[in-house]
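Here's the structure, in C-alpha cells; my notes come after.
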2 protein chains.
Amino acid sequence: MDTAPAPDSELRVTAPHRELLDQVLDKWSLSVLNELCERPRRFNELRRAIPAVTQKSLTATLRRLERNGIIERELLSSRPVAVEYRITPLGKTLRRPVDVLLDWATDHMPEIERARRTFDTE
Amino acid sequence: MDTAPAPDSELRVTAPHRELLDQVLDKWSLSVLNELCERPRRFNELRRAIPAVTQKSLTATLRRLERNGIIERELLSSRPVAVEYRITPLGKTLRRPVDVLLDWATDHMPEIERARRTFDTE
DNA sequence: CAGTATCCGCGACGATACTG
DNA sequence: CAGTATCGTCGCGGATACTG
C-alpha cells in the first residue's frame with residue numbers, strides 16, 4: 001500500500017454509509033423505532049403515539065424503514081382493513097447503536113448547551 | 001408513577017435530542033470529525049481531505065460543530081492568516097457512538113442491500 | 001489562506017382533500 | 001382504517017464571485 005492510512009481507528013464515512021444513516025436516522029425514524037421496539041403497532045396507533053408527525057411523513061418513514069429491512073408491514077385481513085408494523089431482527093440490531101448515541105446526547109447535553117451559550121454570547 | 005413506561009430500555013427521542021443529532025450527524029460532520037480525530041487541520045487541508053464539500057458547506061459545518069463544543073478553532077497569527085481546527089475533549093466523546101453506528105452500518109450493509117432489492121422488485 | 005455574499009434548485013416536510 | 005394525491009413552503013446545500 002502507498003497512502004499508509006488508519007492511525008488509530010478509522011471512521012470510514014463512505015457515501016453508502018451516509019445514505020444509510022440518512023434513511024435510518026431521519027426526522028421520525030427514531031420515534032417510530034422507539035414505538036415498534038415496545039410492541040407492534042397499527043398505523044393510527046403510531047400517529048397517536050407520535051402526535052407531531054403527519055400522515056404523509058409517517059407513511060414515508062414507514063416505507064423507508066420497510067425498504068431497508070428495519071421494520072415489517074403486515075396486512076391483517078379484517079373488516080375495515082388493518083395494518084400492523086413490527087420491528088425485524090435486523091431492526092433490533094439497530095437499537096444498540098441508537099441507544100449509545102442517545103445516551104451520549106443525554107449525558108453531554110448540559111455541556112453542549114453551555115458551549116452554545118458561550119459561543120452565542122461572544 | 002402512573003403510566004408505567006420503559007419495557008426494556010427507553011429510547012427517549014426528545015426534540016433537543018433530535019436537534020442535537022441533526023447538528024452533529026449532518027451531511028459533512030462525520031467526515032470532518034474523521035479528519036480532526038487524526039490531527040488538527042487547517043481549513044484548506046480539510047477541503048483537500050474532503051474534496052466533495054464546498055467552501056460554504058465546510059464553513060457552516062465547522063461553525064456548527066464549534067458552536068456545539070465539538071471542535072475548536074484557533075487563529076494562528078502568521079503571515080497570510082492561518083486557522084487551525086482541532087477536536088475538543090467533548091468531541092472525542094462523540095467518537096465512540098459514531099463508531100458504533102458506522103460499525104453497525106458496515107456489518108449490516110449486505111443485509112440491508114438485499115432487503116432493498118427485495119422491496120424494489122416486488 | 002480563509003473565509004463572506006448572493007443566487008438558486010431541489011428535496012423534505014406540512015396542510016389539506018380525497019379514497020378503497 | 002390506512003392510506004394516496006396535490007399544492008405550497010422552507011431551508012440545506014451547491015455554484016459562483018468577491019475580500020481582508
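Every chain is numbered from 1, with letters handed out A, B, ... down the list of sequences.
Within the 4.5 Å cutoff, the side chain of A/I87 has no heavy atoms near those of the A/L94 side chain. In this structure, the side chains of B/L33 and B/R95 stay at 4.5 Å or more apart for every pair of heavy atoms. Put simply, the side chain of B/L36 does not reach to within 4.5 Å of the side chain of B/R86, judged on heavy atoms. Side-chain contact check for B/V24 versus B/S29: every heavy-atom pair is 4.5 Å or farther apart. B/V100 has its side chain out of reach of B/D103: every pair of non-hydrogen atoms, C-beta onward, lies at least 4.5 Å apart.
Both B/L25 and B/M109 are assigned to one and the same hydrophobic cluster, defined by single-linkage of ILVMFWY side chains at heavy-atom distances under 4.5 Å.
Residues B/W104 and A/T93 share a closest heavy-atom pair of NE1-OG1, 2.9 Å.
Protein chain A contacts DNA chain C from C/dC13 to C/dA17, reading 5' to 3' and using non-hydrogen atoms of the protein with a distance under 4.0 Å.
A donor-acceptor contact shorter than 3.5 Å links the side chain of A/T106 to the backbone of A/L102.
A salt bridge does not link B/R47 to B/E45: none of the charged side-chain nitrogens sits closer than 4.0 Å to a carboxylate oxygen. The residues A/E35 and A/R41 are annotated as salt-bridged, a charged nitrogen and a carboxylate oxygen being separated by less than 4.0 angstrom. Between A/E74 and A/R42 there is no salt bridge, since none of the side-chain N atoms of the basic residue sits less than 4.0 Å from a carboxylate O of the acidic one.
Proximity of residues 39-50 of chain A to DNA chain C (heavy atom under 4.0 angstrom from any strand atom) is not detected for any residue. Within residues 57-67 of chain A, the residues having any heavy atom under 4.0 Å from DNA chain D are, by residue number, A/T59, A/R63.
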Residues 58-72 of chain B side chain polar contacts: donor-acceptor under 3.5 Å, at least two apart:
residue: B/T59; atom: OG1; partner: B/Q55; partner atom: O; Å: 2.9
residue: B/T61; atom: OG1; partner: B/S57; partner atom: O; Å: 2.7
residue: B/R63; atom: NH1; partner: B/Y85; partner atom: OH; Å: 3.4
residue: B/R64; atom: NH2; partner: B/D26; partner atom: OD2; Å: 2.5
residue: B/R67; atom: NH1; partner: A/D120; partner atom: OD1; Å: 2.9
residue: B/R67; atom: NH1; partner: A/D120; partner atom: OD2; Å: 2.5
residue: B/N68; atom: OD1; partner: A/R116; partner atom: NE; Å: 2.7
residue: B/N68; atom: OD1; partner: A/R116; partner atom: NH2; Å: 2.9
residue: B/N68; atom: ND2; partner: B/Q23; partner atom: OE1; Å: 2.8
residue: B/N68; atom: ND2; partner: B/R64; partner atom: O; Å: 2.8

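Nearest-nucleotide positions on DNA chain C place B/K56 closer to the 5' end than the other of B/K56 and A/V81.
Residue pairs that meet the ring-ring contact (aromatic ring centres under 6.0 Å, His included) test with at least one member in residues 41-77 of chain A, sequence neighbours left out, do not exist here.
Distance B/D26 CG to D/dC12 P: 10 Å, rounded to the nearest Å.
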Subject >> Watson-Crick and G-U pairing of DNA chain C written in dot-bracket, each distance under 3.5 angstrom, with | for inter-strand partners >> reply: ||||||||||||||||||||
